[in-house]
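Worksheet: one structure, shown below.
The shown structure was predicted, so the numbers you read here are calculated from the model rather than taken from an experiment.
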Amino acid sequence: MGVQDLQTFLESVALEGGSVSVDLLKIARNVCQRQQPHNTNRKIRPPGGNKLRLIVDAENCLDRLYGGYYSDWACGGQWNRMIQYLSLLCSALENGNIEVAVVFNGTIEQCRMDEWKAEQANARQKVGMVLKHINTKGTPPPKVWWTPPITLRAGLRMALRHLGVHVMCTMDDHHQEVIAYCREYGFHGLLADDAEYAAFDPPRYFSSENLKLTYKSSIETKEYMLSVLTKSLNVTQEQICIMAALLGNFLLPESELQDLYRKINFVKKEEDFAESSVRSLAEFVRTLPPSSNMEGLVIAVFGSLEDKRAARFRQSVQYYLNGTASGFLKYGAPAKPRQKNIEKKNIPVPKDEAVVDQLVFASETSEQQRETLQNYNLLTANSVLSSDFAEMDILIKSAGTLVDSLLDDSPTSSTDPLQRENGVANGGVHTGVKEAQDAIKFSSGKSNSNSSKQSGSKHENIVVPSVSPDVLRTASLRHQKGLMAPTILHVLSTQEVRLPCLMEDEGNREFPPIHEIYLPLRRRIYAVLFNLHHLRYVYTKKKESGELAENAPPPDVVVKEWVYSRSNPYQTPEQVKAELLPWAVPTLQRLWFGPAVDDKRRRMRAFLSCLNSDTPLILNTAYVPQHMLIMACVLRYIMSQDRPILRRNELDSFLCQAFNPNLMNVQHLQELTLNFVLSRGVQLAALFMKGVDMAILANDACGAPLPWLMCCPWLYFDGKLFHYTLSRSSHAKNILEVCDNYIERVVKVERMRKAILEGLDFKFVKVPPPQFQTGIPANYLPALPLPSARVGPGARGRPIPSRGGQLQVAGVVVGSWGANYGYQNNLRQGQQIMPAGMTPYRARGRGYAGAAFGRGRTPKPITYPVVNRKSQGNKKRNTNKSNKEKQLKGLPLTVKTDNGDVQVNEIIANSNGESVGSREKSEDCAKTADHKGQGDAPSLVSV
């Protein structure tokens with residue numbers, strides 16, 4: 001039971017008419033027609049123009065924005081396919097006169113910590129099942145275990161920003177900020193799948209889980225009819241808020257409401273649990289006082305105002321009321337008195353131009369952005385659409401002409417660059433001013449808590465340094481616009497970071513945990529953000545002047561990291577100290593806003609130093625192209641670890657797939673099939689993509705020395721192509737074969753590898769010996785393949801029948817084989833090509849000739865005369881030959897055998913099929929004259 005039961009009941013078939021399939025393009029056409037002015041001479045337009053404006057909660061539709069449940073999501077992400085899908089989706093929305101704003105969760109809500117822990121536990125369970133499936137079957141996992149690929153949120157922010165979609169990140173309360181933005185700026189509806197939005201009663205509520213871009217040139221989804229919900233339960237919208245509070249949420253969990261459930265005679269039914277819980281609770285809520293009488297409501301629910309749950313229940317009910325249309329105005333009213341306090345502190349409210357200036361770093365000049373865009377267009381000029389996407393693109397373009405014909409005249413678009421951010425209008429100048437004012441409120445509220453204070457023991461000097469108001473204001477604005485990694489604002493404002501579960505095997509680790517590998521990188525980023533070098537410099541000066549004692553410890557900055565481990569499963573945060581860079585790093589304000597050429601050089605050096613990549617060749621574009629700098633730095637950081645992680649062929653696989661011309665060919669990647677998926681390859685892709693995420697964080701922390709378009713992962717990585725290249729490199733003769741015999745690509749790979757390994761004392765992981773599934777030991781395997789390499793467990797060590805045979809199933813011959821004539825001239829004799837010091841392998845069991853040698857004896861050459869096994873033991877050689885016959889034949893040449901001395905003439909005659917010594921013929925050969933094979937038990941002959 002929980003508040004999510006309300007959403008489950010809304011989607012279920014038990015509520016008839018609760019969810020209806022709709023086409024967003026048809027709804028947009030209806031909105032456009034309704035908003036056409038009756039007087040055609042008037043140029044007045046509604047605030048949003050003739051468009052259907054929707055706000056999308058990205059956290060509820062990560063899989064749909066990624067493009068659906070692709071089979072490669074566990075392999076590291078198929079980013080070019082995601083870009084092609086998003087471009088088609090944005091084209092369809094634009095042609096259909098639909099404007100969307102995508103909102104990501106950028107908050108670190110302390111009150112929802114238990115919910116976050118439960119989500120990570122669920123994700124960790126899915127990851128375990130995915131890796132178990134890959135280890136046992138070697139195929140991509142099923143869709144039901146889908147988990148977002150690493151760096152998906154950062155990749156979506158950059159992709160949508162490039163495609164001109166308005167992107168935002170929430171700061172304090174994700175759900176309240178989404179619904180507040182929806183109501184304040186007149187959006188027509190909300191795309192999400194969360195029960196809390198159902199309690200907020202948005203203008204229109206669409207399902208993000210069922211969002212589909214079809215081949216029929218339509219954007220289909222489902223609309224949740226909240227009016228049907230209230231009518232079916234016979235409750236008002238305020239009573240829905242009370243129900244949401246009593247179902248259990250992050251403020252008042254359901255575990256503390258069990259006595260209330262027993263009071264209303266709630267009976268749990270597994271088959272329709274959500275329906276029964278919601279209907280039973282609705283009957284109870286109808287008897288309660290209204291929410292305006294909060295004291296009476298608390299007494300009716302808990303029986304007393306002194307109950308320890310009363311305060312949290314009030315807070316929970318008020319939380320949902322604030323999200324409704326009537327409560328929204330009351331919720332936003334208390335912001336005005338706080339503005340007066342800010343004016344008393346003489347904090348200037350920035351003008352419109354200042355707001356735009358604070359959104360950009362000093363490195364983000366207009367000239368640099370134009371040059372970066374040109375380079376990006378050149379890199380993606382050869383991208384190829386898949387056949388499915390190409391057909392869909394044609395349908396979308398044809399549908400756009402139909403929409404244009406329905407409109408009398410297109411709405412006038414704003415050309416003022418100040419009113420446009422990320423390619424679309426975001427509410428005009430008023431939006432920027434309001435967000436800047438909110439940022440000032442945020443910075444002023446945090447200024448007191450961020451004042452310098454000391455704590456710790458005698459041997460430590462832990463300080464919380466004050467953050468510059470300009471830095472904090474810029475970080476807040478860029479965070480809201482989705483222009484910066486959310487972790488930076490978390491570190492600057494709360495000194496706390498949450499590290500999610502990753503795609504790694506906790507039970508069978510081939511290398512350390514991924515978060516542990518990137519711990520030194522995070523410590524250096526913390527040092528840059530908190531100006532640790534400047535703190536140490538001031539400490540040294542005070543110590544020299546005598547203001548501090550000689551034994552005073554140097555200042556340290558500590559950040560709390562919530563990271564999972566078996567010893568600490570999210571119980572307490574880890575106290576992580578910042579680590580100084582090996583050179584005098586400027587302050588954060590200088591890195592972000594310094595316009596000089598030296599500042600530009602220091603920004604790049606700080607970024608490279610965080611990744612252990614401050615070397616000359618790494619910035620040489622002849623060795624490392626600009627769009628692959630992130631990749632080169634991440635691989636160099638991995639190679640610089642004390643414990644080796646990568647094998648040589650794995651490093652080459654990363655580089656070869658980056659230079660593969662089919663990297664951006666979506667059609668080729670769609671047709672590409674993976675014969676086998678390795679668990680190590682999945683974890684290596686997760687390790688690399690987490691490094692990309694950390695490198696993007698370091699780039700933002702250092703003032704974005706590398707343009708954000710050059711950080712996009714689809715320019716240098718594709719998970720499916722990486723696994724295909726890794727499979728080829730494991731058995732290829734050389735790197736030329738991996739590069740499809742193109743020497744130009746080999747030269748590029750060699751150069752980039754040289755830049756990555758420059759100056760490193762690196763070691764590669766040794767490749768383990770191959771594991772064979774046959775019963776033959778690995779050290780006895782011959783160099784040449786045997787004619788029958790696969791031996792079943794039951795047939796191990798058994799002799800092969802000499803005669804042919806047939807296989808019959810239900811009286812029908814389905815297979816036949818001929819007689820086994822042996823391999824006297826091939827592999828059965830001692831001419832096997834074996835490595836030095838090795839002897840041919842001989843199986844054990846019946847017919848094993850090596851048993852006659854005894855321990856320590858040297859085996860003799862083997863031949864296969866036709867003998868009678870049954871009579872061989874009782875047979876005596878005829879030694880009573882006359883001396884006359886011996887004299888006629890002369891002295892014969894004999895050889896030693898286990899049966900005594902045997903003449904060579906007899907052996908030659910037997911091998912030629914002559915009837916010399918007919919007594920020595922076997923019974924098998926006596927039956928048919930055509931068969932000349934050997935018997936099952938060979939004799940041992942040595943010359």
Side-chain angles (χ1 to χ4, degrees), residues 75-76 138 382 510-511 615 617-618 620-625 627-628 631-641 644-665 668-669 671-685 687-688 715-772 778-779 781-785 789 833-836 838:
C75 299
N382 295 327
E510 299 186 26
F511 42 82
T615 57
L617 287 182
I618 206 75
N620 191 339
T621 54
Y623 287 81
V624 180
H627 67 282
M628 293 186 183
M631 180 181 193
C633 293
V634 171
L635 292 177
R636 180 179 173 85
Y637 181 87
I638 295 174
M639 292 300 302
S640 64
Q641 299 299 305
I645 297 176
L646 295 180
R647 300 168 186 164
R648 181 179 292 274
N649 70 302
E650 293 168 349
L651 177 61
D652 292 340
S653 298
F654 279 110
L655 302 180
C656 291
Q657 64 88 29
F659 287 105
N660 195 320
N662 293 319
L663 177 65
M664 299 184 186
N665 189 343
H668 172 80
L669 296 177
E671 297 173 355
L672 190 65
T673 57
L674 295 177
N675 297 327
F676 198 76
V677 180
L678 295 175
S679 174
R680 179 175 173 84
V682 170
Q683 297 181 69
L684 286 177
L687 172 65
F688 174 76
L715 296 178
Y716 48 81
F717 185 77
D718 184 272
K720 191 174 184 181
L721 185 60
F722 166 70
H723 278 257
Y724 176 76
T725 309
L726 182 63
S727 177
R728 292 189 59 189
S729 65
S730 60
H731 61 267
K733 296 179 181 179
N734 48 43
I735 193 173
L736 182 61
E737 184 177 343
V738 181
C739 294
D740 299 326
N741 296 322
Y742 286 96
I743 193 64
E744 297 85 359
R745 288 161 57 184
V746 175
V747 172
K748 294 179 181 179
V749 171
E750 294 287 350
R751 283 186 175 181
M752 190 166 177
R753 190 203 298 124
K754 182 180 179 181
I756 291 172
L757 302 178
E758 180 188 11
L760 287 181
D761 185 14
F762 60 91
K763 293 181 181 179
F764 288 107
V765 179
K766 295 182 180 180
V767 180
Q771 299 180 0
F772 294 92
N779 57 341
L781 285 174
L784 293 178
I833 301 176
M834 303 292 293
M838 295 182 61

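- Using a distance-only test at 3.5 Å, with no hydrogens or angles considered, no donor-acceptor pair links the side chain of Lys720 to the main chain of Cys75.
- Contact detail for Ser729 and Val738: the closest heavy-atom pair is CA-CG2, 3.8 Å.
- For the pair Met631/Phe688, a side-chain contact is recorded, criterion being any heavy-atom separation below 4.5 Å from C-beta on.
- Once rounded to the nearest 0.5 Å, the distance linking OG1 of Thr615 with CG of Leu757 reads 10.5 Å.
- Under the 3.5 Å distance criterion, the side-chain polar atoms of Lys748 are left unmatched by any main-chain donor or acceptor of Phe659.
- Not a single donor-acceptor pair under 3.5 Å links the side chain of Ser727 to the backbone N or O of His723.
- In this model, no donor atom of one side chain and acceptor atom of the other lie less than 3.5 Å apart for Gln657 and Ser653.
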### Query
Taking it one step at a time, do Arg728 and Asp740 satisfy side-chain contact (heavy atoms from CB on, under 4.5 Å)?
CA-CA 10 Å; Arg728 292 189 59 189; Asp740 299 326; 2.7 Å; yes

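- The salt bridge (Lys or Arg N to Asp or Glu O under 4.0 Å) test applied to Glu737 returns no partner, not counting sequence neighbours.
- Distance check: Leu646 CG to Leu651 CG gives 6.0 Å after rounding to the nearest 0.5 Å.
- When all heavy atoms of Leu715 and Met664 are compared, the closest pair comes out as CD2-CE, 3.6 Å.
- The heavy-atom pair separating Ile735 from Arg753 by the smallest distance is CD1-NH2, 3.5 Å.
- Using cut-offs of 30° and 60° on the angle between ring planes, the pair Phe654 and Phe722 is parallel.
- Shown here is Asp761, whose CG atom has no more than 12 heavy atoms of other residues, nucleotides or ligands within 6.0 Å.
- Rounding to the nearest 0.5 Å places CG of Leu655 at 12.5 Å from CG of Asn660.
- Tyr742 OH: 12 or fewer foreign heavy atoms inside a 6.0 Å radius.
- A distance of 10.5 Å separates CD in Glu671 from CG in Asn662, rounded to the nearest 0.5 Å.
- Rounded to the nearest 0.5 angstrom, Arg647 CZ and Asp652 CG are separated by 13.5 Å.
- In this structure, CG in Leu669 is found 4.5 Å from CG in Asp718, a value given to the nearest 0.5 Å.
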Enumerate donor-acceptor pairs with a distance under 3.5 Å from any side-chain N or O in residues 632-641 to protein atoms, sequence neighbours excluded.
residue, atom, partner, partner atom, Å
Arg636, NE, Asn612, O, 2.7
Arg636, NH1, Ile756, O, 2.7
Arg636, NH1, Glu758, O, 2.8
Arg636, NH2, Glu758, O, 3.0
Tyr637, OH, Ile517, O, 2.9
Tyr637, OH, Leu521, N, 3.3
Ser640, OG, Asn612, ND2, 3.2
Ser640, OG, Arg636, O, 3.3
Ser640, OG, Tyr637, O, 2.8
Gln641, NE2, Tyr637, O, 3.0

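- Counting only heavy atoms from C-beta outward, the side chains of Val624 and Leu617 never approach each other to under 4.5 Å.
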